[in-house]
Asks: 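Take a look at this one; I'll ask things after.
Per chain, numbering begins at 1; letters A, B, ... match sequence-line order. What you see is a predicted model, and the numbers here were worked out from it, not measured in a lab.
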Protein chains: 2
Amino acid sequence: MKEGSKDLNLSVIKAFKLLDVYLTEKQEWGVRELAKKTGYNKTTTYRLLSTLESLDIVQKNDDDKYILGLKLFELGNLVPVYKSLRNYSRTALDTIAKEIKETVHFGVLSNNQVLYLNKAESALGLKVSTQIGSYQHAYCTAIGKVLLAFSSADKISDYLKNVKLEAFTSNTITNSKALLIELEQIKERAYALDMEELELGLICIAIPVFNKNKEVIASISVAGPSSRFKAENVQSYLSIIKKGAFEIEAHLRDYK
Amino acid sequence: MKEGSKDLNLSVIKAFKLLDVYLTEKQEWGVRELAKKTGYNKTTTYRLLSTLESLDIVQKNDDDKYILGLKLFELGNLVPVYKSLRNYSRTALDTIAKEIKETVHFGVLSNNQVLYLNKAESALGLKVSTQIGSYQHAYCTAIGKVLLAFSSADKISDYLKNVKLEAFTSNTITNSKALLIELEQIKERAYALDMEELELGLICIAIPVFNKNKEVIASISVAGPSSRFKAENVQSYLSIIKKGAFEIEAHLRDYK
DNA sequence: AAACGATGTTTCATATAATGAAACGATTTG
DNA sequence: CAAATCGTTTCATTATATGAAACATCGTTT
């Protein structure tokens, strides 16, 4: 198969398309389920799964379902991209989560989306829970709005050109001009709120993390249910989150 | 290619063998370097890398070297194996690392080796640093000796049958009988020490983590340079590590 | 400045491996 | 108990993967 002028390897593409199915919420898949989901022949699917199993990329459990295997865990941990951001954010996120008692996320803008690099979950049963390594919309999350607000004008206009502002709730900002105004305000006060823009009942507050050149390298957010949120807590939350951000910044002054 | 009675997909195997090269310490590889390392033709290697790049499995940096890419980070974070062990160990490891000021590891026995599931590194410059997702010998590390000590007799004898006890330092236990005696002692006192068995200058202390059926599900270890180690600190270290272990056990009572 | 060595990349003929329909056995469902 | 669904195997056919040769680029050496 050709991409641009390049021939690519179709079998390898098929194997990874099988793995892509695991990006959905379902963790275990049978042979024919995967074949149906991907449109591949069940014999081809079976053979690819056997190959991936022999490589520890997937493993088969007791009822003949395949799950992602330990070799991916090993390779996933070796990915150097954003590694120092992930490593140096860990302790600060835990501290923030413990003090505020809500889930804390740490993320960057990647491919016009928020990429979650790290998190510390709330110890409470009812909490926001996301998947590290996964992507989320930027325009309707506090973490994403912070990352956009501190982006260059070029970057923002590229974003608006390429991303459709769909509504998720009646609070979602879907008008470009309104979003630009919102981003200017966020830049000015140096924090963002998501008051049920992505999901009803979900509140989020986020601030930027800078390197020594005052460039935003990531964002920290705290997210929880609206039932636990009180407007008068915003200032004290900001104070706690900022402490965490300073701690991360201390390690990442030279981060580009 | 046949394995047992199964035909496997050679192209997919080649693609993953390329990725296996990244398990070494070198993080970025050129086309011909990888071809040489794997023994594959440089054209084949080039084509496989292009395919992997199109899938975000690898990415090319500015000087035409390939590094592991974000899709592996995403897939790696979705691996369900040992996920609750990884999630629930995080805070406790950070606390132990902060109090003892040395690197803390959390691991299990997998394929007759220690698999590092989590870690919290010492804040000091001179520290033990390992790679999460990587494997280490069990017979000459504290974490591994704990995991072996609390394994069944069958498991231990299978281990000794299949693993060659090579010496890494003059302190490495290479005699099966001596190792068995050592494991009995570890089981009795419920902790292990590695006094420069794996590497000169490296000291390690580890304890087991149990589920509610008193089965060992993981081990926690603290590792540091011998220059910072004092025998009189063992008891206070154990006390701190045990607190962390109890915290983890509280979440994992039902872990099988 | 030219030659050399090393790199990544492209082309195209050939051989190999990937593919998938048909069939099978086992298990689950109605 | 029959039907439906699953994972798995076989083997003929076809499509794709392969790799040698060649090219362009860049850095190094003379």
Asks: Indicate whether OP1 or OP2 belonging to dT16(D) is found under 4.0 Å from a side-chain N or O atom of Ser11(B).
Replies: no
Asks: Does a side-chain heavy-atom distance below 4.5 Å link Phe106(B) with Ile248(B)?
Replies: yes
Asks: Tell me, which pairs form a salt bridge (Lys or Arg N to Asp or Glu O under 4.0 Å) where one or both residues lie in residues 114-126 of chain A, sequence neighbours left out?
Replies: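 Residue pairs passing salt bridge (Lys or Arg N to Asp or Glu O under 4.0 Å), neighbours aside: Lys119(A)-Glu121(A), Glu121(A)-Lys127(A).
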Asks: Using a cut-off of strictly less than 4.0 Å, decide whether Thr44(B) has a side-chain nitrogen or oxygen near OP1 or OP2 of dA17(D).
Replies: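 No.
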Asks: For a quick test of reading the model: is some side-chain N or O of Tyr46(A) closer than 4.0 Å to OP1 or OP2 of dG7(D)?
Replies: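 Result: no.
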Asks: Please report the distance, rounded to the nearest Å, between CG in Asp63(B) and C1' in dG27(D).
Replies: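 Value for this atom pair: 13 Å.
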Asks: Do nucleotides 21-30 of chain C as a string where each nucleotide becomes B, S or -: B if the base has a protein heavy atom under 4.0 Å, S if just the sugar-phosphate does, - if no protein is that close.
Replies: BBB-------
Asks: Expected output is a numbered-order residue list: members of residues 16-29 of chain A with a heavy atom under 4.0 Å from any atom of DNA chain D. What is it?
Replies: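 Output list: empty, so none.
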Asks: Indicate whether OP1 or OP2 belonging to dC6(D) is found under 4.0 Å from a side-chain N or O atom of Lys65(A).
Replies: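 So the side chain of Lys65(A) is outside the cut-off, no N or O lying under 4.0 Å from OP1 or OP2 of dC6(D).
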Asks: What is the distance, rounded to the nearest whole Å, between atom CG of Asp7(B) and atom C1' of dT16(C)?
Replies: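 One finds 12 Å between C1' of dT16(C) and CG of Asp7(B), rounded.
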Asks: Can you list every pair that meets salt bridge (Lys or Arg N to Asp or Glu O under 4.0 Å) and has a residue in residues 24-53 of chain A, with sequence neighbours left out?
Replies: Lys26(A)-Glu33(A)
Asks: Below 4.5 Å, heavy atoms only, C-beta onward: do Val79(A) and Gln59(B) meet side chain to side chain?
Replies: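 Not touching, per the 4.5 Å side-chain cut-off.
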Asks: Looking at Tyr66(A) versus Tyr22(A), is the centre-to-centre ring distance below 6.0 Å?
Replies: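 Aromatic pair excluded; centres sit 6.0 Å or further apart.
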Asks: Hey, does the side chain of Lys60(B) come within less than 4.0 Å of dT7(C)'s phosphate (OP1/OP2), counting only N and O?
Replies: no
Asks: Taking only side-chain nitrogens and oxygens of Asn9(A), does any of them come within less than 4.0 Å of OP1 or OP2 of dT18(D)?
Replies: yes
Asks: For the side chain to side chain donor-acceptor pair (under 3.5 Å) test, which of Thr141(B), Asn118(B), Thr130(B) pairs with His105(B)?
Replies: Thr130(B)
Asks: Take the C1' atoms of the five end pairs on each side of the helix from dA1(C)-dT30(D) to dG30(C)-dC1(D), get both axes, and report the angle to 10 degrees.
Replies: 40°
Asks: Where the side chain of Tyr66(B) is defined as all heavy atoms beyond and including C-beta, which of dT19(C), dA17(D), dT9(C) is the nearest nucleotide?
Replies: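 Selected nucleotide (nearest to the side chain): dT9(C).
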Asks: Who are the side-chain contact (heavy atoms from CB on, under 4.5 Å) partners of Lys14(B), not counting sequence neighbours?
Replies: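 By the side-chain contact (heavy atoms from CB on, under 4.5 Å) rule, Lys14(B) matches Tyr40(B), Thr44(B), Leu48(B).
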Asks: Contact class for Lys36(A) vs. all strands (heavy atom < 4.0 Å): base, sugar-phosphate, or nothing?
Replies: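 The residue Lys36(A) makes no contact with any strand.
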Asks: Are any non-hydrogen side-chain atoms of Leu68(A) and Val81(B) less than 4.5 angstrom apart?
Replies: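 Result no, sub-4.5 Å side-chain heavy-atom pair not found.
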